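Working notes, beginning with the structure itself.
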Amino acid sequence: MEFLVFLMMVTACAARPQDLTGKMFTFPQETNTAHVRLTTSRQVFSAITVCYRSFTDVERAHAFFSLATPTTINGFMIQKGSASNVVEFFIQNSWVTIGGQDYKLNIWHSICSTWDSASGLVQLWLDGKPSNRKFISSGSNINGPIIIVLGQDQDSYGGGFDSKQSFVGMMSDVHVWDYIISPCEIKKYMEGPNFTSGNVLNWKALEFQTRGRVLVEDKEIICK
């Protein structure tokens, strides 16, 4: 009963800035409802960098980060592909795959992704290693109003979730910038806490709402 009350309180919690240092979101089951909605006042992106850390044992395709607008459902979406070594991007309703990735299960991964509307190039950084840069979409900015979701793929604006695309595992240290951060800053992010926090979404002052069974937990428990 106490757990259910806590879960209801977390789910109903209004978005307000919270310092989540040392915390993580836990998505404990496959579902078409559970997700985290992130709040930002930024509504236009001519470029974007998204970084986060994740842990899962799921082999099928699963979505990490989904940004949608009323006219562009796949404004910026990152998902692990069904193949073990592939990460997929959907940007401005275009699609590209990044192959050859050493994406192992049951370990924490640090992931950063960048895209610039001028060049149309997207790039993935997995555990400090950059991918090939690929063209996906250019010439137009991402324009709001936007909805950003963790753990599900928006197939409609703010919804349309599919349990077979859901993320099951843990996520932490989510940061978003409205520009492409430098390789040196990405390296700092990969190595630890000494990097410049996101100017759009900042894990140390994150506005969010949890929907369904998503828990906010301590990331590490130190035994003495």
Side-chain angles (χ1 to χ4, degrees), residues 15-27 35-56 62-68 75-80 87 89-91 98 101 103 107-117 121-131 133 141-142 144 146-154 167 169-210 214-220:
R16 65 183 186 276
Q18 295 187 46
D19 184 353
L20 295 182
T21 301
K23 302 290 185 179
M24 64 184 181
F25 293 129
T26 298
F27 303 79
H35 64 283
V36 179
R37 183 173 292 194
L38 305 179
T39 303
T40 177
S41 60
R42 197 64 49 86
Q43 298 299 313
V44 179
F45 291 88
S46 60
I48 188 170
T49 301
V50 177
C51 292
Y52 57 89
R53 309 189 207 281
S54 63
F55 184 110
T56 186
H62 50 274
F64 301 110
F65 181 98
S66 172
L67 182 157
F76 187 96
M77 201 270 281
I78 310 165
Q79 76 170 15
K80 173 64 182 62
V87 176
F89 289 90
F90 296 78
I91 301 175
I98 304 290
Q101 300 305 304
Y103 186 85
I107 66 171
W108 280 100
H109 289 292
S110 295
I111 298 171
C112 288
S113 306
T114 64
W115 171 74
D116 176 61
S117 65
L121 298 181
V122 64
Q123 187 171 29
L124 171 73
W125 296 72
L126 176 61
D127 299 331
K129 298 178 180 179
S131 74
R133 290 156 61 84
N141 298 336
I142 298 171
I146 65 172
I147 293 177
I148 298 176
V149 164
L150 300 178
Q152 298 281 357
D153 170 20
Q154 298 178 74
F167 174 78
M170 292 88 79
M171 294 185 69
S172 71
D173 301 321
V174 180
H175 290 263
V176 175
W177 298 258
D178 62 356
Y179 58 94
I180 296 178
I181 66 175
S182 70
C184 290
E185 279 297 318
I186 290 176
K187 182 179 179 181
K188 290 179 182 178
Y189 175 86
M190 298 289 173
E191 293 177 346
N194 299 318
F195 61 93
T196 303
S197 297
N199 68 331
V200 175
L201 294 173
N202 178 358
W203 191 250
K204 297 178 182 178
L206 195 69
E207 293 187 35
F208 67 94
Q209 291 180 312
T210 59
V214 182
L215 306 178
V216 179
E217 299 186 295
D218 291 334
K219 185 178 179 182
E220 296 180 355

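No experiment lies behind these values; they were computed from the predicted model shown.
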Exercise for review: Would you check if the side chain of Ser66 reaches a backbone N or O of Gln154 as a donor-acceptor pair within less than 3.5 Å?
Suggested key: yes
Study note, to complete from the structure: Scanning both residues in full, the closest heavy-atom pair of Phe76 with Ile142 reads CB-CD1, 4.1 Å
Study note, to complete from the structure: Sequence neighbours excluded, the answer for salt bridge (Lys or Arg N to Asp or Glu O under 4.0 Å) partners of Arg42 is Asp178
Review point. What is the distance from atom CD of Glu207 to atom CG of Leu38, rounded to the nearest 0.5 Å?
Key: 10.0 Å
Exercise for review: Using the test side chain to side chain contact (heavy atoms under 4.5 Å, CB included), find all partners of Glu185 that sit at least two apart in sequence or belong to another chain.
Suggested key: Ile181, Ser182, Lys188, Phe195, Thr196
Point to revise | Check against side chain to side chain contact (heavy atoms under 4.5 Å, CB included), Ile148 and Leu201 | key: CA-CA 10 Å; Ile148 298 176; Leu201 294 173; 4.1 Å; yes
Revision key, fill the gap. The side chain to side chain donor-acceptor pair (under 3.5 Å) partners of His35 (sequence neighbours excluded) come to none
Point to revise | Ile48/Trp177 under side chain to side chain contact (heavy atoms under 4.5 Å, CB included): CA gap, chis, key distance, verdict | key: CA-CA 6 Å; Ile48 188 170; Trp177 298 258; over 6 Å; no
Point to revise | Partners meeting side chain to side chain donor-acceptor pair (under 3.5 Å) with Gln101 (sequence neighbours left out) | key: none
**Study point:** Contacts of Trp203 that satisfy ring-ring contact (aromatic ring centres under 6.0 Å, His included) - sequence neighbours left out
**Key:** Phe25
Check your understanding: From Phe55 CZ over to Phe27 CZ, what is the distance, rounded to the nearest 0.5 angstrom?
Key -> 15.0 Å
Point to revise | Gln18 vs Leu206 side-chain heavy atoms within contact, under 4.5 Å | key: no
Review point. So which heavy atom on Gly128 is nearest to which on Met190, and how close?
Key: N-SD, 3.4 Å
Check your understanding: Is there a donor-acceptor contact under 3.5 Å from the side chain of Gln43 to the main chain of Ile146?
Key -> yes
Study note, to complete from the structure: CH2 (Trp125) and NZ (Lys187) are apart, to the nearest 0.5 Å, by 10.0 Å
Study note, to complete from the structure: CE (Met171) and CZ (Arg53) are apart, to the nearest 0.5 Å, by 11.5 Å
**Study point:** Qualifying residues under salt bridge (Lys or Arg N to Asp or Glu O under 4.0 Å), relative to Asp153, sequence neighbours excluded
**Key:** none
Review point. Relative to the ring of His175, is the ring of Tyr189 parallel (under 30°), tilted (30 to 60°) or perpendicular (over 60°)?
Key: perpendicular
Review point. Do side-chain atoms of Trp115 reach the backbone of Ser46 as a donor and acceptor pair under 3.5 angstrom?
Key: no
Practice item. Report the residues that fulfil side chain to side chain contact (heavy atoms under 4.5 Å, CB included) with Asp127, sequence neighbours left out, ordered by chain and then residue number. Key: His109, Ser110
Study note, to complete from the structure: Sorted by chain and number, sequence neighbours left out, side chain to side chain contact (heavy atoms under 4.5 Å, CB included) with Thr114 holds for Thr49, Gln123, Ile180, Ile186
Check your understanding: Looking at CG of Asn202 and CG of Asp173, how far apart are the two atoms once the value is rounded to the nearest 0.5 Å?
Key -> 10.5 Å
Point to revise | Set of side chain to side chain donor-acceptor pair (under 3.5 Å) partners for Glu191, sequence neighbours left out | key: none
Review point. Residues in ring-ring contact (aromatic ring centres under 6.0 Å, His included) with Tyr52, at least two apart?
Key: Phe64
Practice item. Starting at CG of Leu20, measure out to CG of Asp218 and round the result to the nearest 0.5 Å. Key: 11.0 Å
Check your understanding: Which residues satisfy the side chain to side chain donor-acceptor pair (under 3.5 Å) test with Ser172, sequence neighbours excluded?
Key -> Lys219
Exercise for review: For the pair Thr39 and Phe208, evaluate side chain to side chain contact (heavy atoms under 4.5 Å, CB included) and give the outcome as yes or no after the intermediate values.
Suggested key: CA-CA 6 Å; Thr39 303; Phe208 67 94; 6.0 Å; no
Check your understanding: Taking all non-hydrogen atoms of both residues, which atom of Ser54 and which atom of Tyr103 are closest, and how far apart?
Key -> OG-OH, 4.2 Å
Check your understanding: Should Phe167 and Leu150 be marked as a side chain to side chain contact (heavy atoms under 4.5 Å, CB included) after you check the CA-CA gap, both sets of side-chain angles, and the distance that decides it?
Key -> CA-CA 8 Å; Phe167 174 78; Leu150 300 178; over 6 Å; no
